[in-house]
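A, B, ... follow the sequence lines: proteins, then strands. Residue 1 opens every chain.
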Number of protein chains: 2
Amino acid sequence: MYSDCVSTPERLIEATRELLWERGYVGTSPKAILQRAGAGQGSMYHHFTGKPELALAAVRRTAQEMRATAEAVLGGPGSPCERIESYLRRERDVLRGCPVGRLTMDPEVVASDALRAPVDETLDWLRERLAGIVEEGQELGEFGSALDGEEIAATIVATVQGGYVLARASGSAAAFDTGIRGLLSLLTPRAPGHDSPTRPRT
Amino acid sequence: MYSDCVSTPERLIEATRELLWERGYVGTSPKAILQRAGAGQGSMYHHFTGKPELALAAVRRTAQEMRATAEAVLGGPGSPCERIESYLRRERDVLRGCPVGRLTMDPEVVASDALRAPVDETLDWLRERLAGIVEEGQELGEFGSALDGEEIAATIVATVQGGYVLARASGSAAAFDTGIRGLLSLLTPRAPGHDSPTRPRT
DNA sequence: GTCTATATACTGATAGAC
DNA sequence: GTCTATCAGTATATAGAC
């Protein structure tokens, strides 16, 4: 818990962030939040108008955090290709899923423009950031010039998000890693033994 | 609803399938199921021991249906590459998400071996099926021999599953299609203008 | 087989004491 | 600011009439 670390609103937001990650919006009750935060009903309804507002604060912070984590790698040193590989290989709590992406499977989040907005904006930002890096890499000859930056960026983000699904289904992080290795093998074909087809399929 | 089509157990299962797809397990109450099925409490608890058993019947059927739908394309006519492309481009209710994959974000499903099993088995079957087709395509020279069938299969399934996430986040099916196009461009590089790098990155 | 009652616990929130 | 009390409604069943 956070019972003796920070202010009550802060503890409420952190407890909500954890529960939204573990159980989603529909699966998270105010009672569970209060217990985890070590607060009473009165505190929560004093600082927030209710569950929706508290969840919004939590989602915004989680989205911001994910963005910062990604930027730390994507804006770091290395060639475009290396930065994308670092992003894909970065350490993740795979079996917990993506705290932002998982919200898209929650009916109440998707139904609320306010709650969905931070999710949408974060994934959109990530795609654009990756698209720019792919295009940068194309100018350096790291990626085929026939590729479309935005498409590849969407594929990268989708593979990561779907990797969480495979991992959670199987109960093992291995499936996530397998999907990522496959994507990397497509993005960075190995030379000199590489023999990708030079003609379209028959 | 199904009030006058089939047997009561059947209506209960179909109503549960819809609700699990829309709202997940934690977001689906027996009351909602009964209303959608047009049945009373007594009927449900006469035919099923409770929500978990009913959900299990629903999940099993949904998993089986997804498998049959995939097999219809993957076992159909065409070259390996064409069949994979058909699978990726097949019509989908993108904004509704994947009725099987979305269950992996549900804490109660993941916590229950019985409920998770059909999900795991279906996604696992799909990966193995795709891996075999990729390897078949490699023998025909459609895919680079340096690729790993299981890895590419995991990437394909992950991209589809993650595509749903992107689509639901943005509220538009376009993001799904963009990710799929990116994957296809990586899987089937265009000739003769294809100029993927012949050496690893610097 | 299906229905209506009944039961216990939880959900999400409000009221008012301290 | 935080607490406890209270509340109408829901979640997930069980009991027993028909």
How long is the span from the CG atom in A:Asp124 to the CZ atom in A:Arg127, to the nearest 0.5 Å?
5.0 Å
Run the side chain to side chain donor-acceptor pair (under 3.5 Å) check on A:Ser79 and A:Glu142 step by step: do they pass?
CA-CA 9 Å; A:Ser79 72; A:Glu142 288 184 335; 2.9 Å; yes
More than 12 heavy atoms of other residues, nucleotides or ligands under 6.0 Å from CD of B:Gln138: yes or no?
yes
In whole angstrom, give the distance that lies between atom CG of A:Leu54 and atom P of C:dA13.
10 Å
If a protein heavy atom is under 4.0 Å from the base, mark B; if only from the sugar-phosphate, S; if neither, -; do that for nucleotides 11-18 of chain D going 5' to 3'.
SSBB----
In whole Å, I'd like the distance from the CZ atom of A:Phe48 to the C1' atom of C:dT14.
18 Å
In this structure, how many angstroms lie between the C1' atom of C:dT11 and the CG atom of A:Leu34, rounded?
12 Å
Within less than 4.0 Å of OP1 or OP2 of C:dT2, is there a side-chain N or O belonging to B:Thr8?
yes
Going by an N to O cut-off under 4.0 Å, is there a salt bridge joining A:Glu14 and A:Arg36?
no
How many angstroms lie between atom CG of A:Leu187 and atom CG of A:Leu88, to the nearest 0.5 angstrom?
7.0 Å
Rounded off to whole Å, could you give me the CD-to-C1' distance for the A:Glu53 and C:dA13 pair?
14 Å
Mind listing the residues from residues 109-119 of chain B sitting with a heavy atom below 4.0 Å of DNA chain D? Number order is fine.
none
Let me know the distance between CG of A:Leu12 and C1' of D:dG1, rounded to the nearest Å.
12 Å
B:Arg11 CZ to C:dG1 P: how many Å, rounded?
13 Å
Does NZ or CZ of A:Arg92 lie under 6.0 Å from the centre of the six-membered ring of A:Tyr87, at an angle within 45° of the ring axis?
yes
Crowded around A:Arg60 CZ? As in, over 12 foreign heavy atoms under 6.0 Å?
no
C:dC3 OP1/OP2 closer than 4.0 Å to side-chain N/O of B:His46
no
Atom of B:Gly163, atom of A:Ala158 and distance for their closest heavy-atom approach:
N-CB, 3.7 Å
Point-to-point distance, once rounded to the nearest 0.5 Å, from OG1 of A:Thr104 to CG of A:Asp120:
10.5 Å
